[in-house]
Amino acid sequence: MDIRFGYVAIALNLSNSSTSKTITLKNLAKIGGTEPKFTKLRRITSENLENTLRIIRYNMEEQIHLYRLTSKLIPFATYPLEFEWNYIDIFKKEFEMIGNLIKTAKIRVSAHPDHYTVINSPNEKVFSDSVKDLEYHDHIFNAMGLEEQYKLVTHLGGFYGDREQSIARFKKNFSRLPHGVKSRIVLENDDKIYTAEEVLEVCQELKVPMVLDLHHHTCNPKGDLEELIPKIWDTWTDFRPKIHVSSPKDQKSCRHHADYIEASSLTNFLSLTKKLNRDFDVMIEAKMKDKAMFKLIKDLSEYDDITTIDQSTIKI
DNA sequence: TCGTGTCAAGATCTT
DNA sequence: AAGATCTTGACACGA
């Protein structure tokens with residue numbers, strides 16, 4: 001079976017490939033006049049999109065089949081500014097180019113809205129802002145021509161003093177999401193509150209796929225992985241399952257991401273998935289991005305029963 | 001060129 | 001009720 005690997009946001013093998021350039025509101029305010037502000041935002045956005053294109057090309061050349069777009073592609077995408085900021089129309093051609101390349105290269109692209117997006121918040125304003133943010137992601141995917149199999153990964157949200165109620169509120173609020181957004185959402189277990197077991201149950205009920213984060217499961221464990229994996233795999237009815245992998249920075253702080261990934265944090269998991277004989281994908285969350293991915297594959301290929309198919313794919 | 005403080009957005013813990 | 005902390009990468013500013 002094949003296991004493909006990918007990385008998040010920027011390629012460190014490319015120089016200056018940031019796709020998350022931005023400006024703070026205060027510094028934007030320092031620029032006098034509407035037109036210069038508008039120009040500044042257009043220039044930043046243009047650079048982010050240009051670098052995204054560079055990275056997609058790089059992924060194509062390096063045979064990398066998995067990539068996560070940054071959520072910071074468009075500065076102030078959902079913030080009310082003093083002028084109209086219609087980035088979808090302005091960069092229509094650029095979005096199309098990126099989307100076409102993603103499809104030509106057959107790259108599995110996703111995005112992961114930031115932590116301000118909290119679907120289960122009891123605060124209606126936070127919920128409606130979350131909807132706006134999710135719609136922003138949906139709209140840029142649409143502008144790229146990426147259909148609903150291109151997913152948005154998110155968490156259940158906050159605890160708010162009552163686990164049961166907060167999960168119930170997630171389900172209720174999920175049903176209130178616009179259709180386009182809802183059909184893209186996949187859910188991930190987090191490192192503090194909602195365990196893989198709990199997220200799985202929600203995924204089964206709502207019929208949405210589940211991304212298992214191995215590192216979060218280590219920080220916030222519940223249930224037996226061997227029993228959970230087949231059920232998690234079953235939530236992916238149309239596509240190959242996906243997991244997230246990272247390594248803790250040090251023993252003290254389990255939750256911080258390290259520069260690279262320890263191969264050993266994955267080998268046990270690989271052996272558990274083997275009998276299911278189903279291809280899946282692994283998103284690397286490490287500071288060293290694509291470099292960490294290549295190093296992990298090299299380290300894994302040292303193991304007896306692991307071979308490489310291409311630069312970012314292994315066979316077990 | 002490098003180090004430090006700041007930033008649109010939330011949640012949670014501490015006071 | 002208000003403030004500190006979490007977490008994050010990038011920018012602005014000053015040394």
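The sequence lines fix the lettering, A, B, ..., with proteins before strands; numbering per chain opens at 1.
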Base of B/dG10 and ring of A/Tyr116 stacked, centres under 5.5 Å, planes under 30°: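 One would not call A/Tyr116 stacked on the B/dG10 base.
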What nucleic acid atoms does [X] come within less than 4.0 Å of, heavy atoms only: base, sugar-phosphate, or nothing?
X	result
A/Ala29	nothing
A/Thr78	base
A/Asp129	nothing

Within this structure, what is the [atom1]-to-[atom2] distance between [X] and [N], rounded to whole angstrom?
X	N	atom1	atom2	answer
A/Asp259	C/dT8	CG	P	12 Å
A/Asn123	B/dG10	CG	P	8 Å
A/Lys72	B/dC7	NZ	P	16 Å
A/Arg68	C/dG9	CZ	C1'	14 Å
A/Lys289	C/dA10	NZ	P	8 Å
A/Lys192	C/dT7	NZ	P	7 Å
A/Asp114	B/dA11	CG	P	14 Å
A/Lys30	C/dC11	NZ	P	14 Å

Nucleotide pairing, DNA chain B (Watson-Crick or G-U, distances under 3.5 Å), in dot-bracket with [ ] and |: |||||||..||||||
Of the non-hydrogen atoms in A/Ala196 and A/Leu212, which two are nearest, and what is the gap between them?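 So the two residues come closest at CB-CD1, 3.8 Å.
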Nearest atoms (heavy-atom pairs only) where A/Leu12 meets A/Lys287: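 Between these two residues, the closest heavy atoms are CD1-O, 3.7 Å.
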Looking at B/dG10, C/dA10, C/dG9, which one has an atom nearest to any side-chain atom of A/Lys287?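 It is C/dG9.
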Output the single nucleotide from B/dA11, C/dA12, C/dT7 whose closest atom is nearest the side chain of A/His115.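 Taking heavy atoms from C-beta onward, the closest nucleotide is C/dT7.
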Six-ring centre of A/Phe38, A/Arg42 cation under 6.0 angstrom, axis tolerance 45°: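 Yes, A/Arg42 sits over the ring of A/Phe38.
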Could you pull out the protein-nucleic contacts involving nucleotides 2-6 of chain B (nitrogen or oxygen on both sides, under 3.5 Å)?
none

Determine whether A/Val211 and A/Leu146 fall in the same hydrophobic cluster, where Ile, Leu, Val, Met, Phe, Trp and Tyr are linked whenever their side-chain heavy atoms lie under 4.5 Å apart.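 Cluster IDs for A/Val211 and A/Leu146 differ.
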Ring geometry between A/Trp85 and A/Phe91 (parallel below 30°, tilted from 30 to 60°, perpendicular above 60°):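 A/Phe91 vs A/Trp85 ring planes: perpendicular.
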Aromatic centroids of A/His137 and A/His112 separated by under 6.0 Å: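 Distance test on ring centres: not under 6.0 Å, no.
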Taking only side-chain nitrogens and oxygens of A/Ser18, does any of them come within less than 4.0 Å of OP1 or OP2 of C/dG9?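 Result: no.
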Using only atom types and a distance under 3.5 Å, with no angle test, would you say the side chain of A/Asn189 pairs donor to acceptor with the backbone of A/Tyr194?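 Absent.
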Check each residue of residues 151-167 of chain A for a non-hydrogen atom within less than 4.0 Å of any atom in DNA chain B, then write out the ones that pass by number, or none.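 The stretch gives A/Gly158, A/Phe159, A/Tyr160 as the residues lying under 4.0 Å from the strand, ordered by number.
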So, are A/Lys222 and A/Glu198 salt-bridged, with charged N and O less than 4.0 Å apart?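 Salt bridge between A/Lys222 and A/Glu198, a charged N being under 4.0 Å from a carboxylate O: no.
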